[in-house]
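The model shown is predicted, which means the values in this text are computed figures rather than measured ones. Within every chain, numbering begins at 1; the chains are lettered A, B, ... in the order of the sequence lines, protein sequences first and strands thereafter.
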Amino acid sequence: MSVSTAIPKGTRDFSPSEMNRRKYIFQVLEEVFRRYGYLPIETPAMELLSTLTGKYGEEGDRLIFKILNSGNFTEDLDSDALQKLSPPALAARICEKALRYDLTVPFARFVVQHRAELVFPFKRYQIQPVWRADRPQRGRYREFFQCDVDVIGTRSLLCEVELMQIIDDIFSRLGILVNIHVNNRKILTGIAEVLGQAERFTDITVAMDKLDKAGEDKVREEMLQKGIPETAAEHLMQILRTSGNPAEKINNLRSQLQSSATGMEGLAELESMLSYLDDLGLRAAVDFDLSLARGLNYYTGAIFEVKAKEVQMGSICGGGRYDDLTGIFGLPGVSGVGVSFGADRIYDVMNELKLFPSATEGTSRVLFANFGGEEERYSLKILDMMRRNGVSAEMYPDAVKMKKQFAYADDKKIPYVAVIGSEERQAHQLSLKNLNTGEQLALSPEEAIAKLKS
RNA sequence: GUGGUUGUAGCUCAGCAGGUUAGAGCGCCAGAUUGUGGAUCUGGAGGUCGCGGGUUCGAGCCCCGUCUCCCACCCCA
């Protein structure tokens, strides 16, 4: 009777070839992040539950993985309390830790905690897994990597512009064609104000966000259900129908949102950002998408979302500006902006489109065949010499049939096999066979190294 | 949290109206004269048909329960 080899729902093992491809994505991200002046940090997998709750909206709170306290955690609970407490209240009593849900909130906590040592504006990147107790499906995992870049400590719109450049840079390097959707929470606030429904902001944005997926009727229906007056819903629909290129949309909205100072400010910000981008000329298509809202309720300014053009998949990158995320940790008035790249979805997209370069398959450059005895000892020396000269090399550990050793090289996609039998050893040579072309040459160790490094 | 779907060899799946020792392809292992792979040929190993119960002379196939997988909604990377 053996224990099941199953792993928790929504988690995955990664094979060597998958890891090679994943590493490739991380390398590209990291290289670009560094090129724009961002530096790495890491934070723990778990945070105090109180650090995380209340930052992601009601839905988000439910999806936080909580960690049961150690010891006798029911000690101060009578059975009555167990029955009566709501799930969140009970969780607060018996769980003081939780797995991180994203990297932005831990980052805000980090900034406040280490503010004395940091140089502001602080630019950091962070590539770590996060956990969500969501129900898994296509492109959705319970454990996945986020790759965040954020600047905190400045309100400059140049940061938004820079993040857009980073997004453009990364996806063009990876070869993924994308649409970048942008909007501004202030514009959404303005719309809610103009509708006379400022206090229903969240309900309105949540409904609006579904526009492209569900359609007008469903959105209208949801709003009425949430108790928003029909006239306001109708007015919203009219505003959402604003069409044209970004500049036209902005102009059109200006006349509609005149009475909202916040809304006008959002439009000005967006316009300014887009004009910088016009100068810089991004490769990706940038679309002002009025229905883009984003559920994370800490965003206050610009918001972004990136979707792959050729694959049906949720967003592969998203983010925005948050004005007061550090406030709750005791440092008010510090504005930041950042985006998060979803490495796992990017992987899925690239896999589907076969975008991984063949170099990511790589392993050793050369396999030394093992003949055992004196030849084995001699081969080991040459092998060591290869490694000291920067050639990734390995020797088959057993002196088994050549057929089997060659098949191993073939399976591992090792391009060369070095054969050193008694003849080669006496001649101080090795037979180097290229498995792709079938060509086999008798070379000195030095010549072989030169060949393998080319 | 809501709705739907799936569960047979390591993988992808067949399995006729319930009837004898459950199949295929791929993969794996071993050979085709002992220093050369990816091809071909030959042979072989491997399954308590998700789990529990029921109906039946008899169940992979029917019924009930349960778990699981995947998909969609919600939300998001």
Can you tell me how far [atom1] in [N] sits from the matching atom in [M], rounded to whole Å?
N     : M     : atom1 : answer
B:A9  : B:G46 : C1'   : 6 Å
B:C11 : B:G54 : P     : 30 Å
B:C75 : B:U12 : C1'   : 33 Å
B:A72 : B:G27 : C1'   : 34 Å
B:G58 : B:U42 : P     : 43 Å
B:C26 : B:C64 : P     : 39 Å
B:G3  : B:U20 : P     : 40 Å

Which nucleotide in the set [options] lies at the smallest distance from any side-chain heavy atom of [X]?
X        : options             : value
A:Met402 : B:A77, B:U36, B:G37 : B:U36
A:Lys403 : B:C73, B:G35, B:A32 : B:A32
A:Ser422 : B:A77, B:U36, B:G35 : B:G35
A:Arg135 : B:C69, B:U2, B:A77  : B:U2
A:Lys404 : B:A72, B:G37, B:A30 : B:A30
A:Gln440 : B:G1, B:U36, B:C69  : B:U36
A:Lys210 : B:U2, B:C74, B:G35  : B:C74

For a stem of at least 3 consecutive Watson-Crick or G-U pairs with distances under 3.5 Å, i pairing with j, i+1 with j-1 and so on, which stems involve RNA chain B? B:1-4 with B:70-73, B:10-13 with B:23-26, B:28-32 with B:40-44, B:50-54 with B:62-66
Does [X] reach a base, just sugar-phosphate, or nothing at all? Heavy atoms under 4.0 Å.
X        : result
A:Asp411 : nothing
A:Arg345 : base
A:Glu143 : nothing
A:Cys147 : nothing
A:Gly421 : base
A:Ile316 : sugar-phosphate
A:Phe145 : nothing
A:Gly60  : nothing
A:Ala407 : sugar-phosphate

Rounded interatomic separation in angstrom, taking [atom1] from [X] and [atom2] from [N]:
X        : N     : atom1 : atom2 : answer
A:Arg138 : B:C73 : CZ    : C1'   : 16 Å
A:Asp61  : B:C76 : CG    : P     : 12 Å
A:Glu305 : B:C75 : CD    : C1'   : 11 Å
A:Gln312 : B:A72 : CD    : C1'   : 12 Å
A:Asp398 : B:G35 : CG    : P     : 15 Å
A:Glu221 : B:C73 : CD    : C1'   : 14 Å
A:Lys218 : B:C73 : NZ    : C1'   : 10 Å

Which heavy atom in A:Ala302 sits nearest to a heavy atom in A:Asn184, and how many Å separate them? N-ND2, 3.5 Å
Looking only at heavy atoms, the pair that brings A:Gln405 and A:Asp398 closest together is NE2-O, 3.6 Å
Could [X] and [Y] be counted as a cation-pi pair, given that NZ or CZ must be under 6.0 Å from the ring centre and within 45° of the axis?
X        : Y        : value
A:Arg12  : A:Tyr141 : yes
A:Arg109 : A:Phe329 : no
A:Arg34  : A:Tyr125 : no
A:Arg345 : A:Phe144 : no

Side-chain donor or acceptor of [X] under 3.5 Å from a matching atom on the base of [N]?
X        : N     : value
A:Gln405 : B:U36 : no
A:Arg132 : B:C75 : no
A:Glu59  : B:G1  : no

Report yes if the distance between the aromatic ring centroids of A:Tyr396 and A:Tyr408 is under 6.0 Å, otherwise no.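 Distance test on ring centres: under 6.0 Å, yes.
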First of A:Gly319 and A:Lys9 reached from the 5' end of RNA chain B, by closest nucleotide: A:Lys9
Hey, which sits more toward the 5' end of RNA chain B by its nearest nucleotide, A:Phe406 or A:Leu63?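 By nearest-heavy-atom nucleotide position, the 5'-most residue is A:Phe406.
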Contacts of type salt bridge (Lys or Arg N to Asp or Glu O under 4.0 Å), residue A:Asp324, not counting sequence neighbours: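 A:Asp324: no salt bridge (Lys or Arg N to Asp or Glu O under 4.0 Å) contacts found.
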Test salt bridge (Lys or Arg N to Asp or Glu O under 4.0 Å) applied to A:Lys186 - qualifying residues, sequence neighbours left out: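 Listed in chain order: A:Glu265, A:Glu269.
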B:C71 phosphate, OP1 or OP2: any side-chain N/O from A:Gln137 under 4.0 angstrom?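 Negative; the distance criterion is not met.
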Taking OP1 and OP2 of B:G35, is either one under 4.0 Å from a side-chain nitrogen or oxygen of A:Lys401? no
Expected output: side-chain A:Arg142 to main-chain A:Arg135 donor-acceptor under 3.5 Å: no
ring centroid sep under 5.5 Å plus plane angle under 30, A:Phe371 with B:G35: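 No; by the centre-distance and plane-angle rule, A:Phe371 does not count as stacking on B:G35.
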Ring-plane angle category for A:Tyr56 and A:Tyr298, please: parallel below 30°, perpendicular beyond 60°, tilted otherwise. perpendicular
